[in-house]
Amino acid sequence: MIELRSDTFTLPTPAMLRAMGQARLGDDVYGEDPTVRELEEKAAQLLGKEAGCLMPSGTMANLASIMTHAPRGSKVLVGTESDIYVYEAGGASVCGGVVYEPVVNRPDGTLPLADLRAGFPDDPEDPQFALPSLICLENTQNRCGGVLLSFEYQREVRELADERGIGVHLDGARIFNAAVALGRPPADLAQYADSVQFCLSKGLSAPIGSMVVGSADFVRGVRRVRKMLGGGMRQAGLLAAAGLVALDDYERLAEDHDNALRLAKGLADIDGITVDPDAVQTNIVMFRVTAPGFTWQIFADAAARQGLAIAELGHGRLRAVTHRGVDSADIDAALTVVRRVIAQGAEA
Ligand SMILES: *Cc1c(COP(=O)(O)O)cnc(C)c1O
């Protein structure tokens, strides 16, 4: 199977498995797992923040971050296309008692500044209004096609947040993809956010885990929420060991970006597929099947029967994600499957 549904399907590398087998371990709920500590320090340092905290998942990393920033009854400004709003089961609303204020993402992944401003009541003293406490951005923006947020835009959001005295949280599940695509150190991409979460378990291809980074004070708060949510893990150095290896060779994500572009260009040559190769910025390719008779479902089912796994990602679009588990030959094979499926027709 050529697996393009997600970069979460990546398996730990032999080097990760070796590191896991040799990791020094302790009880991380006591703060005594040396490998977790090393990973937390390394993550914080790479992103230019004071401290870090290993989390079981990106979902919990976002949830604990929001709960640490945002008081109950406050508003958290999130994109309508954000993972936090769409895919995290309303966690911050359920567990944190916050009100999500959905702001429609532009196709470039940004939340228009005017719409963010509109989330603030004219009279903050008027007790009937919930007050914004946090803006959440996502970089790369998954549902907008793995697009990159510009530095300029993030600086403007930072200025707005400072003006209003609220925080900025960055869902950087794929921030290392963004760093590699922009040729900049990850810390540059984190500079405008108070806190960042990123996934070790996606393109970085560790088996499990996400990191939250931010100020030492903030991370202390996150640790408390993590424990409350049941995310305190004992000998978590097993996972951290893989994470440390992942962070050593994140530059290889460039290959995934090359493969995504190769895929998009190949798809663009196929009649019955609509795709814009110029829109591909990282490891995600969004496309539509426009051949007569096809729905995304018919296409995805037929492709799966021929050994190619692709997922729908909202609004009837298909998403292909490249990662360590697929090379350029797999991309060419995937293109062959797509051509064959279209040629056989929707009734096949
Ligand atoms: C995958 C993802 C998450 C959630 O991570 P999990 O580890 O799957 O819970 C959060 N945000 C974005 C943008 C993601 O792509």
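We use all heavy atoms of the structure for the numbers below, so side chains are in, but hydrogens, waters and symmetry mates are not. Counting starts at 1 for both ligands and their atoms, in listed order.
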Near [X], which atoms of ligand 1 are under 4.0 Å from a heavy atom of that residue?
X	value
C199	5 (O)
E138	13 (C)
S57	7 (O), 9 (O)
A173	2 (C), 11 (N), 12 (C), 13 (C), 14 (C), 15 (O)

Verify the distance criterion only: is there a donor paired with an acceptor across the side chains of [X] and [Y] at less than 3.5 Å?
X	Y	result
D83	N62	no
Q197	S210	yes
R234	Y30	no

Just to confirm my output: which protein heavy-atom neighbour is closest to [atom], and how far is it?
atom	answer
atom 9 (O) of ligand 1	T59 OG1, 2.6 Å
atom 14 (C) of ligand 1	K202 NZ, 2.6 Å
atom 11 (N) of ligand 1	D171 OD2, 2.5 Å

Determine, for [X] against [Y], whether the closest basic-nitrogen to carboxylate-oxygen distance falls under 4.0 angstrom.
X	Y	result
D249	R252	no
K42	D248	yes
R223	E40	yes

Taking distance alone, with N or O pairs closer than 3.5 Å, would you say N142 contacts ligand 1?
no

Just let me know how M60 lines up against ligand 1, side chain, backbone, both or neither, with a heavy-atom cut-off below 4.0 Å.
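M60 to ligand 1: no contact under 4.0 Å from either part.
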
Select one of side chain, backbone, both or neither to describe which atoms of N62 lie under 4.0 Å from any atom of ligand 1, heavy atoms only.
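It is the side chain that gets close, since no backbone atom is under 4.0 Å.
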
Show your reasoning for whether side chain to side chain donor-acceptor pair (under 3.5 Å) applies to T10 and S205.
CA-CA 5 Å; T10 44; S205 65; 4.9 Å; no

So is E88 close enough to ligand 1, meaning a heavy atom under 4.0 angstrom away?
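Contact present.
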
Nearest non-hydrogen atom to atom 7 (O) of ligand 1 belongs to which of G58, P56, S210?
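When every heavy atom of G58, P56, S210 is considered, G58 comes closest to atom 7 (O) of ligand 1.
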
Does R164 make a cation-pi contact with F120, if we ask for NZ or CZ under 6.0 Å from the ring centre and within 45° of the axis?
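Geometry flag: set, cation within 6.0 Å and 45°.
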
